[in-house]
Participant: 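Just dropping this structure here.
Keep in mind that the numbers below use all heavy atoms, side chains included, and drop hydrogens, waters and symmetry copies. Predicted model, so just to flag it, every value in this text is computed and none were measured.
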Amino acid sequence: MDDQPFFFDLDWVIRLASHAEATPDSGPCAEHPDGGCPGSLLWVSDETGVYLESNGLPAAEFGPGTSTRVYAHGWEPGSGRQDPDKPFEGGFVSSLHLQNGEEQATTLLERMRAGGARYMCLEVHGEDAIDIAFTSHTGPVRHPLSPQEAEQPCQKIIAQCRAAIAEGRFVVQQVHPDDKLPTTMVYTVGLTAAGQPELLIVGLAADVAHEVLSRIGSQIRTGQRQLSHGQVLTDAIEGYDMRVVQAEPPIPARLLPGVAYAVFGAPNVRLQQLAWPDKLHRYPWDRNFDRALVQPVIGRP
């Protein structure tokens, strides 16, 4: 395992770390076998792959269709990297403490959120030293992006969106968590060209939200489907109904689709949110919605 880098999607590492920090109790670890290991992540290799999970109790819940494990890039279930009978290095469980001496969990969370990085990289040096770094890609590790470097990818994304729209396509864009929106937002860019609202999903795993928006957005872009305010979608996520919510101005600044505004101009963009329920099928506007699930909304049905 020495010098083998493992890259984890930073959006979901932040969620796990936030959960581990906030939960009132925690499970055991090697240093605290009887439990009581506050603010830590577990780094695990088993027959399924290599992943991180929160050590906090009660266990994390992140919404329908969403795993509470964050697998390392290329080490997911079915990747072929793990031998089910002989997990990597015989399998291991290692604690990644968010509190280390004077460093508090919130300090590490601020590091995670800074600089436009997309991945957290873990690498073992020697027997006990774990190197933690943040990077924009799954190649050689570098320091977090400068503001100037972060601006360049933004301009490139806008140009790519315009090219896709010119070809009759649309793009699904992801917004990473920060101090203004501590969760992932995924939205479409291009449905405006078909005279339809852009769609957004807040708070679901990026891969789940991306699949839903890609599928439904394609139906809208080709004229097979239109969504209306308050509509119930029974075919978006298996076992859960999503609700269509039309934007009610003013839209919170943290939920603005910046790339769509840059491409079409803000006055020309309409928005619909696909809201998802908690495990008891309650929505964010319901009084008893599970507030551990972060899902701000742009309106209500």
Side-chain angles (χ1 to χ4, degrees), residues 11 62-66 157-158 160-162 164-165 167-177 180-278 281-286 289-290 293-301:
D11 290 1
F62 296 131
T66 302
I157 288 170
I158 292 171
Q160 290 173 338
C161 287
R162 286 175 173 158
I165 293 165
E167 297 174 355
R169 298 183 289 114
F170 70 98
V171 174
V172 178
Q173 177 67 22
Q174 179 178 343
V175 178
H176 298 279
K180 295 181 181 179
L181 182 63
T183 190
T184 300
M185 181 172 83
V186 180
Y187 64 91
T188 63
V189 182
L191 300 185
T192 300
Q196 298 298 319
E198 303 293 349
L199 305 179
L200 66 89
I201 296 176
V202 183
L204 280 185
D207 58 342
V208 176
H210 193 288
E211 191 278 330
V212 171
L213 292 185
S214 295
R215 175 163 38 87
I216 295 179
S218 294
Q219 296 169 347
I220 293 173
R221 189 67 180 84
T222 56
Q224 302 174 56
R225 189 171 194 171
Q226 291 187 17
L227 304 184
S228 59
H229 178 62
Q231 182 178 349
V232 177
L233 303 181
T234 60
D235 60 344
I237 301 177
E238 185 177 357
Y240 292 85
D241 293 342
M242 300 188 83
R243 297 288 297 275
V244 180
V245 179
Q246 195 79 26
E248 297 176 359
I251 302 172
R254 58 186 178 170
L255 300 182
L256 295 176
V259 176
Y261 279 9
V263 171
F264 294 107
N268 301 313
V269 176
R270 293 178 294 144
L271 273 182
Q272 290 177 333
Q273 180 174 356
L274 306 187
W276 47 271
D278 63 19
H281 302 280
R282 301 168 301 198
Y283 293 88
W285 47 83
D286 294 330
F289 179 74
D290 185 351
L293 303 174
V294 181
Q295 187 185 184
V297 292
I298 60 175
R300 59 177 60 196

Participant: Apply side chain to side chain donor-acceptor pair (under 3.5 Å) to Q219 and list each qualifying residue two or more places apart in sequence or on a separate chain.
Facilitator: R225

Participant: When the side chains of residues 293-301 are checked against the rest of the protein, which donor-acceptor pairs come out under 3.5 Å, sequence neighbours left out?
Facilitator:
unit_1, atom_1, unit_2, atom_2, d
Q295, OE1, W276, N, 3.0
Q295, OE1, W276, NE1, 3.3
Q295, NE2, W276, O, 2.9

Participant: Could you state the interatomic distance from CG (L233) to CZ (R243), rounded to the nearest 0.5 Å?
Facilitator: 9.5 Å

Participant: For residues 244-260, which residue pairs qualify under side-chain hydrogen bond (donor to acceptor under 3.5 Å, both in side chains), counting only residues two or more places apart or in two chains?
Facilitator: Q246-Q272

Participant: Are L200 and V186 close enough that some pair of their side-chain heavy atoms sits under 4.5 Å apart?
Facilitator: no

Participant: Taking the side chain as everything from C-beta on, heavy atoms only, tell me whether L227 gets closer than 4.5 Å to L274.
Facilitator: yes

Participant: Return the set of residues passing ring-ring contact (aromatic ring centres under 6.0 Å, His included) with Y283 (not counting sequence neighbours), or none when no residue passes.
Facilitator: W285

Participant: Restricting to side chain to side chain contact (heavy atoms under 4.5 Å, CB included), what partner residues turn up for A193, sequence neighbours left out?
Facilitator: I165, R221, F264

Participant: Once side chain to side chain donor-acceptor pair (under 3.5 Å) is applied, do any residues pair with R215, and if so which ones, sequence neighbours excluded?
Facilitator: E211

Participant: How many angstroms lie between atom CD1 of I201 and atom CD1 of I216, to the nearest 0.5 angstrom?
Facilitator: 7.0 Å

Participant: Going by side chain to side chain contact (heavy atoms under 4.5 Å, CB included), name the residues that satisfy it together with S228, two or more places apart in sequence or in a different chain.
Facilitator: Q231

Participant: Is any side-chain heavy atom of L204 closer than 4.5 Å to one of T184?
Facilitator: no

Participant: Per the ring pair (Phe, Tyr, Trp, His ring centres under 6.0 Å) rule, what does the pair list look like for residues 199-239, sequence neighbours excluded?
Facilitator: none

Participant: Taking the side chain as C-beta and beyond, is there a heavy-atom pair between L271 and P257 under 4.5 Å?
Facilitator: yes

Participant: Determine whether more than 12 heavy atoms belonging to other residues, nucleotides or ligands lie under 6.0 Å from atom CD of E238.
Facilitator: no

Participant: Just jot down the side chain to side chain donor-acceptor pair (under 3.5 Å) partners of T192, sequence neighbours excluded, or say none.
Facilitator: E198

Participant: Please say whether more than 12 non-hydrogen atoms of neighbouring residues, nucleotides or ligands are located less than 6.0 Å from CD in Q226.
Facilitator: no

Participant: Suppose we screen for side chain to side chain donor-acceptor pair (under 3.5 Å). Which residues come up paired with Q196, at least two apart in sequence or across chains?
Facilitator: none

Participant: Holding to side chain to side chain contact (heavy atoms under 4.5 Å, CB included), I want the full list of residues that pass it with V259, two or more places apart in sequence or in another chain.
Facilitator: I157, I158, C161, Q173, Y187, V189, V263

Participant: For A266, what residues pass the side chain to side chain contact (heavy atoms under 4.5 Å, CB included) criterion, not counting sequence neighbours?
Facilitator: Y261

